Amino acid sequence: MSLKNDAFPSSAAFDTINDTLKSSDAERKDAIKQANAVFAFTLKNKAGETESWHIDLKNKGEVGKGLGDKPTVTLSLSEEEFGKLVSGKANAQRLFMSGKLKVKGDVMKATKMEPILKKAQTKAKL
């Protein structure tokens, strides 16, 4: 089942992240150990619609639609900025400082997301 939503082109990254987590049991366990958090993403597209996904790196090590079960941190940004973030063209810290990325919850846990996105970057063709 694909996590991609055609109204949110960069959401294809969630499939890539999920594939990365499922491809190697050791890598998945390592990601859970490093992050120990549930990351929720709420993206807003140009039409003003919003959609949410979550990356569970606390229990299962998988990606799903919706905010997930008690997200540790919720990241809200535009679909376009998310695309730049996962492709390595934008930096999460800069997006946050410029107000393009809103963080709710444990801000320090949000920094644990970067290595997971970097792994997806090497496999994603966004």
Side-chain angles (χ1 to χ4, degrees):
M1 179 190 89
S2 176
L3 297 163
K4 185 177 189 279
N5 178 332
D6 290 333
F8 299 83
S10 67
S11 66
F14 292 110
D15 280 328
T16 306
I17 294 166
N18 202 29
D19 292 345
T20 303
L21 290 170
K22 287 182 174 178
S23 68
S24 161
D25 206 36
E27 208 166 284
R28 184 172 51 81
K29 285 178 180 165
D30 184 51
I32 291 170
K33 194 171 123 188
Q34 281 182 19
N36 190 29
V38 176
F39 301 94
F41 291 85
T42 299
L43 306 183
K44 187 174 190 174
N45 67 11
K46 286 186 172 135
E49 303 166 314
T50 58
E51 183 78 54
S52 297
W53 290 264
H54 66 277
I55 303 173
D56 178 348
L57 292 177
K58 191 171 194 163
N59 307 309
K60 300 176 194 153
E62 62 184 26
V63 184
K65 285 192 173 186
L67 292 174
D69 190 33
K70 295 182 192 157
T72 313
V73 61
T74 303
L75 306 160
S76 303
L77 67 163
S78 73
E79 188 274 333
E80 187 181 342
E81 296 300 337
F82 178 73
K84 290 177 187 174
L85 185 64
V86 293
S87 66
K89 293 181 181 126
N91 173 294
Q93 226 173 350
R94 284 196 198 104
L95 290 176
F96 179 73
M97 294 299 184
S98 65
K100 293 178 181 176
L101 169 65
K102 306 265 188 280
V103 180
K104 282 186 194 146
D106 190 337
V107 178
M108 292 315 293
K109 283 287 186 191
T111 62
K112 304 280 186 191
M113 194 62 234
E114 205 104 17
I116 285 84
L117 291 177
K118 286 219 182 328
K119 282 180 188 170
Q121 279 171 23
T122 59
K123 294 181 172 132
K125 302 285 182 275
L126 295 172

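The shown structure was predicted, so the numbers you read here are calculated from the model rather than taken from an experiment.
- Distance check, rounded to the nearest 0.5 Å: NZ of K104 to OG1 of T42 gives 7.5 Å.
- Nearest heavy atom pair, residue G83 against residue S10, reads CA-CB, 3.5 Å.
- E81 pairs by the salt bridge (Lys or Arg N to Asp or Glu O under 4.0 Å) definition with K84, K100, not counting sequence neighbours.
- With rounding to the nearest 0.5 angstrom, the CG atom of L21 is 11.0 Å from the OG1 atom of T16.
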Side chain to side chain contact (heavy atoms under 4.5 Å, CB included) evaluation trace for N36 with K109: CA-CA 8 Å; N36 190 29; K109 283 287 186 191; 4.0 Å; yes
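- In this structure, the side chain of N18 engages the main chain of V63 through a donor-acceptor pair within 3.5 Å.
- Atom OG of residue S78 and atom CG of residue N45 lie 9.5 Å apart, to the nearest 0.5 angstrom.
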task: Let me see the working for M113 and V73 under side chain to side chain contact (heavy atoms under 4.5 Å, CB included), right down to the final yes or no.
output: CA-CA 10 Å; M113 194 62 234; V73 61; over 6 Å; no
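- The heavy-atom pair separating A90 from L95 by the smallest distance is CB-CD1, 4.0 Å.
- With E79 contributing its side chain and K46 its backbone, the two residues share no donor-acceptor pair below 3.5 Å.
- By the 4.5 Å heavy-atom criterion applied to side chains, K44 and T50 are counted as neighbours.
- Between R28 and D25, at least one side-chain N (NZ, or NE/NH1/NH2) sits under 4.0 Å from a carboxylate O, which counts as a salt bridge.
- Ring pair W53/F8 is perpendicular by interplanar angle, where above 60° counts as perpendicular and below 30° as parallel.
- Scanning all heavy atoms of the two residues, the minimum distance from V86 to A13 falls at CG2-CB, 3.8 Å.
- Counting heavy-atom neighbours within 6.0 Å of Q34 CD, excluding the residue itself, gives a total above 12.
- Hydrophobic clustering places I55 together with V103 (ILVMFWY residues linked when any side-chain heavy atoms are closer than 4.5 Å, directly or through intermediates).
- Atom CG of D56 and atom NZ of K58 lie 9.0 Å apart (nearest 0.5 Å).
- When all heavy atoms are compared, the tightest approach of L3 to F14 is CD1-O, 3.7 Å.
- Residue S2 comes nearest to D15 through the heavy atom pair OG-OD2, 2.7 Å, listed as atom of the first residue, atom of the second, then distance.
- Side-chain contact check for L57 versus V38: every heavy-atom pair is 4.5 Å or farther apart.
- The shortest non-hydrogen separation linking K102 to G99 is NZ-O, 2.9 Å.
- Note that CE of M108 is 5.0 Å distant from OG1 of T111, once rounded to the nearest 0.5 Å.
- Checked by atom type and distance alone, the side chain of S11 pairs as donor or acceptor with a backbone atom of N5 at under 3.5 Å.
- Rounded to the nearest 0.5 angstrom, T74 OG1 and H54 NE2 are separated by 11.5 Å.
- K4 is linked by a salt bridge (Lys or Arg N to Asp or Glu O under 4.0 Å) to D6, counting only residues two or more places apart in sequence or in another chain.
- Here salt bridge (Lys or Arg N to Asp or Glu O under 4.0 Å) pairs that include residues 59-77, with residues two or more places apart or in two chains, number zero.
- Side-chain atoms of F96 and L75, non-hydrogen and from C-beta on, never get closer than 4.5 Å to each other.
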